[in-house]
**Q** 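One structure follows; several queries about it will come next.
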Amino acid sequence: MSTRMFGAPVQRSEDARLVAGRGAFLDDLGAGACAAAFVRSPHARARIRDIDATDAVDVAGIIAVFTYEDLSGAMAEPLPLLIPHPCIVDGRTPYALAREHVHYVGEPVAMVVAADRYAAEDAAARIRVDYEVGEAVVGVDAAVSAERTVHAGMADNVAAHLVQEVGDARAAVAAAPNSLELELDIERSAATPLEGRGVYARWEPATSATGTDDGRLRVYSSTQTATGVRAAVAAKLELALGQVDVVVPDVGGGFGVKIVHPWPEEVMVPWAARRLGREVKWVEDRREHFVAAAHERAQRQRVRVGFDDSGRILGLDVDILHDNGAYLPYGVIVPIVTSTQLLGPYKPGAYRVEFRSLYTTTAVVTPYRGAGRPQGVFAMERTMDAVADHLGLDRLQVRAANVIRPEEMPYDQGLMFQDGRPLIYDSGDYPRMLEMIAELVDWPGFAEYRERARREGRRVGIGVACYVEGTGPGPYEGGHVQVETSGKVRVATGLTSQGQGHGTVLAQIVADELDVPIADVEVTTGDTRRMAYSVGTFASRGAVTSGSAVALAARRLKEKALRIAAEALEADAGDLEFADGRIQVKGSPAHGIELGTVAVLSNPLRYAFDAASAAATQFSGAADHESPPVAEGEAPGLEGTDYHSPLRCTFANGAHAAVVETDPDTAEIRILRYCVVHDCGNLINPRIVEGQVHGGVAQGVAGALYERMAYDSDGQLLNASLMDFLMPYASEVPTVEIAHMQTPSPLNPLGVKGAGEAGVIPGSAVLAAAVEDAEGFRVDRMPISPSELFELRNRHAAGEVASVPPRPSPATASDTSVPSAREPR
Amino acid sequence: MKPPPFAYHAPTDLDEAVGLLAEAGDEGKVLAGGQSLIPLLNMRLAAPRVLVDINAVAGLEDIRVDAAGVRVGARVRHAELEADTAAAEAVPLLGQGLRLVAHPVIRNRGTTVGSIAHADPSAEMPAVLALLEGAVEVRGRAGTRTVPAAEFVTGPMETALAPGEIAVAARFPRPRPGTGTAFVETARRNGDYALCGAAAAVTLGADGRITAARCCLISVAPVPLVVDLTDHLAGRTARLGDLDGAAAAAAEQADPEDDIHAGADYRRHLARVLTARALARAAAAAPAAVADTYTGASR
Ligand SMILES: Cc1cc2nc3c(=O)[nH]c(=O)nc-3n(C[C@H](O)[C@H](O)[C@H](O)COP(=O)(O)OP(=O)(O)OC[C@H]3O[C@@H](n4cnc5c(N)ncnc54)[C@H](O)[C@@H]3O)c2cc1C
């Protein structure tokens, strides 16, 4: 038997190609294609009086200019509302090109196609759009006041409204011996993948293979869902699904923004390619990505909490105002996830959550890695800290008083989750998670470290925050595994990869199932020609759904291989085993057959192309003339296909702790330590999981200390560049110390849970807690910059910001290991 | 993010470059390292009709170190100057400023003279030139002239360069004997333009007391803000407490604005904190420095 791959820190097979510059991203394709550019609204809200393209046609290389007037049929209808949740009261979606009204800066108004992007932008700059400018609605205050409405025909700006309640939370708060009220705010940020969106399409004329006398469309898109784009483009262009192929090349990050489909540009490019009969490509530039892709996170959360003297939460009543931007293309997943995942590992006596999702004249809001959880965890964990401070208890102790115990699993929170299924935690050991984070960061030893730092004139603080993350939602994902006559194994799954390492992880799973060398396994993702049934990559679901599906598909293949091998070896299938790329009789390795040979036997041939195929032709070997070449009930080829459709989400969990230092003079915030305890069930590849955690923590730190979308009151985005949108550099991201837990999930054949988003989730909560602890006053709004910390200090000195009481020293002080402050870089 | 059309010239001779630029008049721009100009073109925030690339022009590539100081040609990259040990020895403030300019990749391409010609109020090298009272050599059709630092930068992104003129070199004088220098700043991320920065030059007498002190603040005024603090500090030691008054006096001159990264009050506060730190570090770096001066933790 070869070494087990599942659980091993296997090097990513993708990296040699990617780091050597041999990746093929969207813009590496279609070198000869025409280029598209979009004329975008410079106003947050306006009526389009006229579009005049007269001057644009003079630009050398111009091919076409399109506006809404050119669209018809399904293309002239609004784009779909992808997840039509019943709580949506008025779901507005945009048109592919603006029809009379624009509702945010960056909304596409006209499309230019030209010989190259230079000409396309020159022409776009010459198109004159006459706007009647309206008033912007920016931020939740303006939205909720409804003084101005974003959309015509609406009395207010409420897109969706949902209340979920378990028990009578308001009564429980009122009756509790202690209660607090907090307002906890998170600002806008965005996924900001290094590669923006991009679409390249080509229309192929009809052949008998197209099946109609119409042509056939090939679309390449930098997307998180090949099958989603395929279905959406087919619907919009009124083509049969079978006429559209979508292929996803290497994708330079998605983090949620590329799960939205179809983007206006994603239907306009294929539509133009078909209409013009030419290849058309659009590659989003950075400014377009900032103003016209999606944002997330902006949410105001009011928490009322009632608790007993041990810190046990008796009632929790949360009110959320969610800024969903100008339209609702993806529905209201984000506030639904906040509402449900806010509970984390805890079990309040009663819970009520209400959200209103509000239109504003800004870029749309769709899920970004974490998808509403960072906000929910911010609300819950800041509340835990406030409860501890109120009672003079240790912050970890209060958390321990509230967590669900392992013996209570599976635990039903009594709510409906984002996938429409009950919120039932499948497994997890939260008390142990709290112990592990305390050990990893040396929580008990911190008081002494703080004292030592204070003597050196330094200010340090520590914070902790926990989360539970529902991962791996359905409906399903599929796997296809095929053994070629060379013995190589080809694996396909329909979901796409944005750099996560699916190729490596799925190969590990199949290598184990078939007992073949991992180097012999090749994985394809995101190509509708290879796997037509799929959902997409989001919600930390790749390993759970596709991982399980390819394992099941490999098992199907094994059954078939055993039948063929048993016949060839004249042995009982039950006596055979898979070993090192062969099937052999147990205990007698000499008596066996290569998997490649089984593949040859599985597909009887008439024509010989090479030695392997010659072996499968009708004149080779002894023919059994009593049965047909392909046995009844069998199909040719050594392959297996299967699907995994999970009953409901599997729930991963973790705890983060951070130690920060704040400069007493400059108010700069430095992270000294960042510790993560992480449980995503069985680890398929710890190296990849750690990479996911590192990347997540980087985005968590980004959201807490650096990134925000600076809209002014006119709805202009003031920092639409990487110069002013402060994505942290490697130099701003702390070293991450990780401890793994592995509590298997009972809900899938591999016992795995998702790991993609976890790292980002507690970032704002844990860093707010640590800064608060260093400074001695409340931090209830994130992100926080040095300038804002300076202002808070002044307001605290003026008595406008509440102090936090000195934190008690935890009972078990350790005098040995103290956090090791690193030198400034 | 594609520039509008422009004519591109890459002359090898300085007179030819000056001729091409003069012909273009208001519509012409020099292209040096391109680290500031190309983004402006791509975002269509600038649309010059003619670009004169000076990267092949002979005679602009040298760093010359002599008794007067360091003369930096217009083609010298930040990284080259940073690596030049003779220059660093003659004028330590060059290296102290350069390591705060952007990131290594940008310093590999961006030029020091280009940075001075660009005159961003947050840029370090115009401040280095101003603090040291250096000068810029300017070549136009009419010949060469030398513009003192104090007259070179006239406003945010504005200089004394007339249309058709090329800055051919910057001259950084050696500091007086007994002088130490330092450059400290606070930036949001490593390598970003500073929220506020302070360069300082402090001269100590044989008794270790201050005989002269100047600072230059960036990001808090339209141009690099040079403040002579000699009157506040002459005769004093460089203990941090002794520097507070001078730092406050320097910060007083600052006239910062609010922007999306920092409030004006915070920037003014930083001006005071960073001036004190820069003065202390500069004094510590002076050849006759006393032992117990403060060395702040900021970079
Ligand atoms: C991400 C990023 C971060 C940065 N951070 C910093 C920072 O922290 N501090 C800092 O100081 N700089 C920073 N810069 C700017 C960098 O230092 C530039 O290199 C510098 O400002 C311009 O030099 P350049 O040679 O690239 O000039 P170019 O971009 O080629 O030109 C800039 C301008 O100066 C003019 N010009 C250039 N050379 C001459 C000349 N010889 N004669 C006349 N006119 C001339 C050009 O016409 C143009 O208007 C940053 C740049 C980037 C992209």
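A, B, ... follow the sequence lines: proteins, then strands. Residue 1 opens every chain.
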**Q** Counting only non-hydrogen atoms closer than 4.5 Å, does A:A120 touch chain B with its backbone (N, CA, C, O), its side chain (CB onward), both, or neither?
**A**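 Neither; nothing under 4.5 Å.
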**Q** Does CZ belonging to A:R287 count more than 12 external heavy atoms closer than 6.0 Å?
**A** no
**Q** State whether the number of non-hydrogen atoms from other residues, nucleotides or ligands found under 6.0 Å of B:E257 atom CD is greater than 12.
**A** no
**Q** Specify which of B:V273, B:D265, B:I260 makes the most heavy-atom pairs with chain A at under 4.5 Å.
**A**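 Ranked by contacts with chain A, first place is B:I260.
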**Q** Using a 6.0 Å cut-off, check whether atom CD of B:Q253 has over 12 heavy atoms from anything other than its own residue.
**A**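 Yes, because the 6.0 Å sphere around CD of B:Q253 holds more than 12 heavy atoms from other groups.
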**Q** Test your reading of the model: is there a side-chain donor-acceptor pair from A:E732 to the backbone of B:R189, 3.5 Å cut-off?
**A**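 Looks like no, no N/O pair under 3.5 Å.
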**Q** Specify the closest pair of heavy atoms between A:Y729 and B:D192, including all atoms of both residues, with the distance to one decimal.
**A**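 Scanning both residues, the minimum pair turns out to be OH-OD1, 2.9 Å.
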**Q** Do you know which two heavy atoms are closest between A:A125 and B:R44, and how far apart they sit?
**A**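 Minimum heavy-atom separation between A:A125 and B:R44: CB-NH1, 3.9 Å.
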**Q** Are B:H261 and A:D724 close enough that a side-chain donor and a side-chain acceptor fall under 3.5 Å?
**A** yes
**Q** So A:F790 and B:H269, side chain to side chain contact (heavy atoms under 4.5 Å, CB included) or not? Walk me through it.
**A** CA-CA 9 Å; A:F790 169 77; B:H269 169 81; 3.3 Å; yes
**Q** Check each atom of A:D712 against the heavy atoms of chain B and say whether the ones under 4.5 Å are side chain, backbone, both or neither.
**A**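 Contact with chain B: none, neither part.
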**Q** Is any NZ, NE, NH1 or NH2 atom of the basic residue among A:D285 and B:K2 found under 4.0 Å from an Asp or Glu carboxylate oxygen of the other?
**A**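 A salt bridge is absent here (no side-chain N lies under 4.0 Å from a carboxylate O).
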**Q** Within the supplied structure, the quantity of interest is the number of heavy atoms (other residues, nucleotides, ligands) at a distance under 6.0 Å from A:F25 CZ; does it exceed 12?
**A** yes
**Q** Given a strict heavy-atom distance threshold of 4.5 Å, which part of A:P786 is in contact with chain B: side chain, backbone, both, or neither?
**A**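 Looking at A:P786, backbone and side chain both touch chain B.
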**Q** Please find the pair of heavy atoms, one from B:P4 and one from A:D122, that lie closest to each other, and give the distance.
**A**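 Scanning both residues completely, I find the closest heavy atoms to be CA-OD1, 3.8 Å.
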**Q** What's the separation between atom OG1 in A:T666 and atom CG in B:L274, rounded to the nearest 0.5 Å?
**A** 7.5 Å
**Q** As an exercise, state the distance from OG of A:S787 to CZ of B:R188, rounded to the nearest 0.5 Å.
**A**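 If we round to the nearest 0.5 Å, A:S787:OG and B:R188:CZ are 9.0 Å apart.
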**Q** According to side chain to side chain donor-acceptor pair (under 3.5 Å), does anything in residues 26-39 of chain B pair up with another residue at least two apart or in another chain? List the pairs.
**A** none
**Q** What's the spacing between B:T186 OG1 and A:D663 CG if we round to 0.5 Å?
**A** 7.5 Å
**Q** Going by residue number, which parts of residues 30-42 of chain A are within reach of chain B, meaning a heavy-atom gap below 4.5 Å?
**A** none
**Q** Is a donor on one side and an acceptor on the other found under 3.5 Å between the side chain of A:E121 and the backbone of B:P3?
**A**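 Between the backbone of B:P3 and the side chain of A:E121 there is no qualifying donor-acceptor contact (under 3.5 Å).
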**Q** Look at the side chain of B:Y193 and the backbone N and O of A:M723, then say whether any donor-acceptor pair between them is shorter than 3.5 Å.
**A**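 Checked: no pair found.
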**Q** With rounding to the nearest 0.5 Å, note down the distance linking CZ in A:R286 to CE in B:M1.
**A** 8.5 Å
**Q** With only heavy atoms counted, which part of B:R267 is less than 4.5 Å from chain A, the side chain, the backbone, both or neither?
**A**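 Neither the backbone nor the side chain of B:R267 comes within 4.5 Å of chain A.
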